Amino acid sequence: MTEKIISINNLKKKYGQQVVLNDVSFEVDYGQIVGLIGPSGAGKSTIIKLTLGMEKADSGNSEVFGIHMPNRKILNKMGYMAQSDSLYSSLSARENLIFFAKMREVKKEDLASEIDRVSQVVDLKDQLDKKVDNFSGGMKRRLSLAIALLGNPQLLILDEPTVGIDPALRKNIWTELGKLRDKGCSILVTTHVMDEAELTDRVALLIDGNIIADDTPSNLKQQYDVDSIENVFMKAEGDM
Ligand SMILES: Nc1ncnc2c1ncn2[C@@H]1O[C@H](COP(=O)(O)OP(=O)(O)OP(=O)(O)O)[C@@H](O)[C@H]1O
């Protein structure tokens, strides 16, 4: 039996009169990278916030590691990267990493090697002692990703992790996500970059508040009779 790491069940959400999520259900299995793609404003970040219990759904629920959310203890077991960076700008990158590593209960003896590991993944090793205030937007994204990776969490939820990151580093980051998945980490990632969707184990396509397709990239391409996820997306939106 596959182990469900995230179960999202019949989520509905309105903001005022605007229906953002109609009736959304999907799952993330153990050791899978699941990509959530959809046009801007489709509700991807809303799904993530409702999944984590950061916002309240009008109906439906979510379970993470089999536990009904929200639940504070579960948050320690996972790495979450929000769409907007929440960093301490008056501190250096290293000081930010130390602060979040302590929150994530990284052992004192592992602290230095852990900071070394995550900053290597995002190519920030040489910038660790710079104040975050002086970081570019892309550098802040990279630091946020490094923070999410601290402590080798069993679950990563990444909201647009590679925005503002150049293609070469983006490729390295995806290689690293693949390695983490192979070690049993489950990953839910939202993206606008269609090439990245090709690298996932499953893609859920969100349009107008509904998941209209949820399958492996190769099955989706076959089903829509196209050669790329970009074209699946275009066809699903009715543009092809
Ligand atoms: N707190 C809020 N109050 C009112 N409307 C909101 C709120 N949060 C989100 N929305 C609206 O809900 C819709 C979905 O927003 P959401 O951020 O989930 O989209 P998204 O798919 O993540 O978009 P993007 O890819 O541009 O980040 C948008 O129309 C947005 O304006």
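Numbering of ligands and ligand atoms starts at 1, following listing order. Computed from a predicted structure; not experimentally measured. Numbers here are sequence positions counted from 1.
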What is the nearest protein non-hydrogen atom to [atom], stated with its residue, atom name and distance?
atom	answer
atom 24 (P) of ligand 1	Gly41 N, 3.7 Å
atom 27 (O) of ligand 1	Gln83 NE2, 2.8 Å
atom 1 (N) of ligand 1	Tyr15 CE2, 3.6 Å
atom 26 (O) of ligand 1	Ser40 OG, 2.6 Å
atom 29 (O) of ligand 1	Gln18 NE2, 2.9 Å
atom 18 (O) of ligand 1	Thr46 OG1, 2.5 Å
atom 19 (O) of ligand 1	Gly43 N, 3.3 Å
atom 12 (O) of ligand 1	Val20 CG2, 3.4 Å

Right, does atom 7 (C) of ligand 1 have protein non-hydrogen atoms nearer than 4.0 Å?
yes

Does atom 21 (O) of ligand 1 have a protein heavy-atom neighbour under 4.0 Å away?
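Flag for atom 21 (O) of ligand 1 set to true, protein heavy atom closer than 4.0 Å.
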
Ion pair present between [X] and [Y], side-chain N to carboxylate O less than 4.0 angstrom?
X	Y	value
Asp215	Arg202	no
Arg94	Asp129	yes
Arg181	Asp201	yes

Heavy-atom distance under 4.5 Å between the side chains of Lys49 and Lys56, does that happen here?
no

Close side-chain approach of Lys221 to Glu198, heavy-atom, < 4.5 Å
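Sidechains of Glu198 and Lys221: in contact.
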
Lys4 NZ/CZ over Tyr30 ring centroid, <6.0 Å and within 45° of normal:
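Not flagged: Lys4 not positioned over aromatic ring of Tyr30.
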
Is it the case that over 12 heavy atoms from other parts of the model lie below 6.0 angstrom from the [atom1] atom of [X]?
X	atom1	answer
Asp225	CG	no
Gln223	CD	yes
Asp133	CG	yes

Show which atoms of ligand 1 fall inside a sub-4.0 Å distance from at least one heavy-atom site of His192.
25 (O)

Just jot down the ligand 1 atoms closer than 4.0 angstrom to any heavy atom of Glu160, in number order.
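Here the atoms of ligand 1 in question are 25 (O).
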
Does Lys49 reach ligand 1, in the sense of a heavy atom lying below 4.0 Å from it?
no

Tell me whether Pro39 reaches ligand 1 (any heavy atom closer than 4.0 angstrom to a ligand atom).
yes

Determine whether the side chains of Thr191 and Glu160 contain a donor N or O and an acceptor N or O closer than 3.5 Å.
no

Would one find an N or O of [X], backbone or side chain, under 3.5 Å from an N or O of ligand 1?
X	result
Lys44	yes
Ser45	yes
Ala42	yes

CG on Leu155 to CG on Leu52, rounded to 0.5 Å:
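Leu52 CG to Leu155 CG: 8.0 Å, rounded to 0.5 Å.
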
